Amino acid sequence: MRAETEISAAPAFQLPFPCGQVWAGQTRTNHSPVNSVDFNRTDDVNDPVVAAAAGKVTRVANEGNTSYGRWVEIDHGSGYRTRYAHLNTQTVSVGQSVSQGQKIGTVGSTGGSSGPHLHYEQRLNGTAQKPVFNGSTALFFGTKNYTSKNKCSGGGSGVTGTVTTNGVALTVRSSPSTGATAVGSVANGSKVTITCQKNGTSVTGTFGTTTLWDFIGTGYVSDAYINTGSDGQVAPTCN
C-alpha cells in the first residue's frame with residue numbers, strides 16, 4: 001500500500017527540455033548516483049533547461065570545479081525532488097515557485113563534468129529513483145533518444161504567446177521566411193496560439209536573434225517577437 005501511495009503521489013514528470021527537442025539520455029552502472037541520467041545533444045551549451053514538473057526551488061548552488069558545479073533543486077511535494085547539475089547559468093532563486101516547462105537555467109560543463117551535458121535526478125525522500133518521463137521509465141542501462149513532451153500542446157490547444165514589438169503589427173507569412181508571402185498581421189500585445197514551430201530565415205527582434213518561426217494557425221511569425229516565457233522551442237516541430 002505504501003508503494004501504491006507513493007506512485008499515485010508522483011508528479012507527471014516530463015523531460016527537462018522544451019517541447020519537441022530530442023536529447024540522448026545516458027545511464028550507466030558507475031554513475032553517481034546510479035539512477036541519474038546524463039543528457040546530451042549536438043552544440044548543447046547554453047540550451048535551456050526547464051522544470052520537469054511544477055514546484056518550489058530549494059537549492060541554487062555552485063560547487064565550483066567539483067561535483068555538481070552549478071545546480072538547481074526543485075521540491076515537487078510528497079517527497080519528490082529533481083536536481084539539475086553542471087549548469088552554465090541558473091535563472092531561478094531559492095523559494096521561487098516554478099511551473100512545469102519554465103526555464104531554470106542552461107546546459108553547461110561546470111563542476112566535475114568532463115564535457116557539456118545535463119546531469120538530471122528524480123529523488124523520492126532523498127534517494128535517487130529511476131526517472132519517469134511522460135509516464136515511461138528511462139532506459140537502464142544504456143543510451144536512448146527521448147523527445148520532450150514538456151508543455152507541448154494538448155488536444156490541439158497549443159502554446160500561448162504574446163506578440164511583443166516596438167508597437168507595429170507583426171506580419172504573418174505563408175512559410176518561415178522573411179521573403180514568403182504575407183498572409184496577414186497581428187497587433188502588438190495580441191495573444192497567439194502556437195501549434196508548432198519550424199526553423200527558417202534568421203530574424204533579429206525583441207527577444208534577440210533566432211531562426212525559429214511559430215505557426216499560429218494562419219501562417220508563420222518569427223519567434224524573435226513572441227513571448228512564451230521560455231527560450232527555445234516550446235511546441236512540436238511543424239511537418
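Only a predicted model underlies this, so the values are computations on that prediction, with no experimental measurement involved.
Judged purely by atom type and a 3.5 angstrom limit, T106 uses its side chain to pair as donor or acceptor with the backbone of T89. The backbone N or O of Q26 lies less than 3.5 Å from no partner atom in the side chain of T143, so there is not a single donor-acceptor pair. The backbone N or O of L15 lies less than 3.5 Å from a partner atom in the side chain of N150, making a donor-acceptor pair. Checking side-chain atoms of R59 against main-chain N and O of E73 turns up no donor-acceptor pair under 3.5 Å. Within the 3.5 Å criterion, the main-chain N or O of G69 finds no donor-acceptor partner in the side chain of S67.
Summarising the geometry, atom CD1 belonging to I226 is positioned 5.5 Å from atom CG belonging to L170; distances are rounded to the nearest 0.5 Å. Atom CG of D38 and atom CH2 of W23 lie 11.5 Å apart (nearest 0.5 Å). A distance of 5.0 Å separates OG in S36 from CD in E121, rounded to the nearest 0.5 Å. Annotation: the span from S109 atom OG to R70 atom CZ amounts to 13.0 Å, rounded to 0.5 Å. For the atom pair D44 CG and L118 CG, the distance stands at 9.0 Å (nearest 0.5 Å). Distance check: D75 CG to R81 CZ gives 4.0 Å after rounding to the nearest 0.5 Å.
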V92 vs V72, side-chain contact (heavy atoms from CB on, under 4.5 Å): CA-CA, chis, key distance, verdict: CA-CA 8 Å; V92 290; V72 170; 4.1 Å; yes

Given the rule in the side-chain contact (heavy atoms from CB on, under 4.5 Å) test, do N199 and L212 qualify, once you have shown the distances and angles that lead to the verdict? CA-CA 4 Å; N199 284 310; L212 196 62; 3.8 Å; yes

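Every side chain to side chain contact (heavy atoms under 4.5 Å, CB included) that N30 has, sequence neighbours left out, goes to R28.
Residues D223 and F207 are not in side-chain contact: their nearest non-hydrogen atoms beyond the backbone lie 4.5 Å or more apart. V203 is listed as a side-chain neighbour of Y225, based on a closest heavy-atom distance under 4.5 Å. At a threshold of 4.5 Å between non-hydrogen side-chain atoms, the residues F215 and K198 do not count as touching. Side-chain contact between I104 and V57 is absent, with no heavy atoms from C-beta onward closer than 4.5 Å. Side chains of V22 and R41 form no contact here, defined as non-hydrogen atoms less than 4.5 Å apart. At least one side-chain heavy atom of P33 sits less than 4.5 Å from a side-chain heavy atom of R123. Residues Q129 and T127 meet the side-chain proximity criterion, which asks for heavy atoms closer than 4.5 Å. Proximity of V50 to Y84: side-chain heavy atoms (C-beta onward) are nowhere separated by under 4.5 Å.
The ring pair (Phe, Tyr, Trp, His ring centres under 6.0 Å) analysis of residues 38-61, with sequence neighbours excluded, yields the pairs F17-F39, F39-F133.
Inspection of the K56 and S97 side chains reveals no N or O donor paired with an N or O acceptor under 3.5 Å. Judged by distance alone, the side chains of S148 and Q21 never bring a donor and an acceptor atom under 3.5 Å apart.
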Contacts table for residues 134-142: side-chain donor-acceptor under 3.5 angstrom, sequence neighbours left out:
unit_1, atom_1, unit_2, atom_2, d
N134, OD1, Q14, NE2, 3.1

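Using the six-membered ring where Trp is involved, H119 and H86 have ring planes that are perpendicular, over 60° apart on the 30 and 60° scheme.
Closest non-hydrogen pair, V98 versus A51, comes out as CG2-CB, 4.1 Å. Between V37 and T27, the shortest heavy-atom contact is CG2-CG2, 3.8 Å. The heavy-atom pair separating G161 from T228 by the smallest distance is CA-CG2, 4.1 Å. Of all non-hydrogen atoms in P131 and Y120, the two that sit nearest each other are CB-CE2, 4.0 Å. T206 and T165 make their closest contact through OG1-CA, 3.8 Å (heavy atoms, listed as atom of the first residue, atom of the second, distance). Here the shortest heavy-atom pairing between W213 and S222 reads CE3-N, 3.5 Å.
One hydrophobic cluster, built from ILVMFWY side chains closer than 4.5 Å, holds both V94 and Y80. Hydrophobic clustering of Ile, Leu, Val, Met, Phe, Trp and Tyr side chains at less than 4.5 Å, counting indirect connections, unites V183 with V163. Put simply, W71 and V60 are part of two different groups of oily side chains (I, L, V, M, F, W, Y) that touch within less than 4.5 Å, one to the next.
At most 12 heavy atoms of other shown residues, nucleotides or ligands fall within 6.0 angstrom of atom CG in D43.
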